Enquirer: 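Have a look at this one before I ask anything.
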Amino acid sequence: FAYNLHPGFITTARMIQDMGAFGFAANAGAPTEVIGAAAAWLCTAPEAREMNGQWIEGQNLTAELGLLPEWDSPSPVSVPAPGRRADRRA
């Protein structure tokens with residue numbers, strides 16, 4: 001199976017360390033665990049087969065499925081590529 005998993009804006013430790021000096025709010029992104037949870041679900045859940053060949057917004061998928069109970073809000077700067085759907089729904 002193949003998916004195009006779009007991570008959206010993900011905050012990394014390096015961004016927090018380096019980008020503050022430039023006035024960049026690195027903490028506006030989602031934690032790395034969010035896209036990891038989406039990727040793990042796509043690799044292990046039988047229901048993920050239905051999404052074969054689709055563009056998937058990783059943050060939305062994680063929030064919709066409640067994969068990380070302590071996180072439920074996609075980053076406000078999570079924008080799909082031009083011409084792509086914003087989420088996995090038809």
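Here the structure is a predicted model, which means the values were calculated and not measured. Just so you know, these numbers use all the heavy atoms, side chains as well, and skip hydrogens, waters and symmetry mates. By convention here, the first residue in the shown sequence is residue 1.
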Enquirer: So, Asn52 side chain and Ala2 main chain: donor-acceptor pair closer than 3.5 Å or not?
Expert: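 Such a contact is found between Asn52 side chain and Ala2 backbone.
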Enquirer: Go through it in stages, so that I can follow the logic: the residues are Met51 and Leu61, the test is side-chain contact (heavy atoms from CB on, under 4.5 Å), and I'd like the CA-CA distance, side-chain angles, deciding distance and then a yes or no.
Expert: CA-CA 11 Å; Met51 301 170 83; Leu61 180 70; 4.1 Å; yes
Enquirer: Testing the basics here: between Ala38 and Leu5, what is the closest heavy-atom pair and its distance to 0.1 Å?
Expert: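 Heavy atoms of Ala38 and Leu5 come nearest at CB-CD1, 4.3 Å.
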Enquirer: Of all residues at least two apart in sequence or in a different chain, which pass the side-chain contact (heavy atoms from CB on, under 4.5 Å) check with Arg14?
Expert: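 Residues passing side-chain contact (heavy atoms from CB on, under 4.5 Å) with Arg14: Thr12, Gln17, Asp18.
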Enquirer: Taking all atoms of both residues into account, what is the closest heavy-atom pair of Asn60 and Pro74, and its distance?
Expert: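 Nearest heavy atoms, Asn60 then Pro74: OD1-CG, 3.2 Å.
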Enquirer: Side-chain heavy atoms nearer than 4.5 Å, only ILVMFWY residues, links allowed to pass through others: does that put Phe22 and Ile16 together?
Expert: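 No.
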Enquirer: side-chain contact (heavy atoms from CB on, under 4.5 Å) between Glu47 and Trp41: does it pass, once the steps are laid out?
Expert: CA-CA 9 Å; Glu47 318 80 313; Trp41 185 86; 4.1 Å; yes
Enquirer: Indicate yes or no for a side-chain donor-acceptor contact from Gln59 to the backbone of Pro7 under 3.5 Å, with no hydrogens or angles considered.
Expert: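 Checked: pair present.
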Enquirer: Could you tell me the separation between the CZ atom of Arg49 and the CG atom of Leu42, rounded to the nearest 0.5 Å?
Expert: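 Answer for the CZ-CG pair, Arg49 versus Leu42, is 12.5 Å.
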Enquirer: Any sub-3.5 Å donor-acceptor pair from Glu50's side-chain atoms to Pro46's backbone N or O?
Expert: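 Such a contact is absent between Glu50 side chain and Pro46 backbone.
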Enquirer: Keeping Tyr3 on the side-chain end and Ala48 on the backbone end, is there a donor-acceptor pair under 3.5 Å?
Expert: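 Yes: the side chain of Tyr3 pairs with the backbone of Ala48.
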Enquirer: Could you walk me through whether Asn4 and Ile56 satisfy the side-chain contact (heavy atoms from CB on, under 4.5 Å) test, starting with their C-alpha distance in whole Å, then the side-chain angles of each, then the deciding distance to 0.1 Å, before giving a yes or no?
Expert: CA-CA 6 Å; Asn4 188 345; Ile56 299 164; over 6 Å; no
Enquirer: Okay, side chain of Thr62, backbone of Val34: is any donor-acceptor separation there less than 3.5 Å?
Expert: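 Flag set: sc Thr62 to bb Val34 pair under 3.5 Å.
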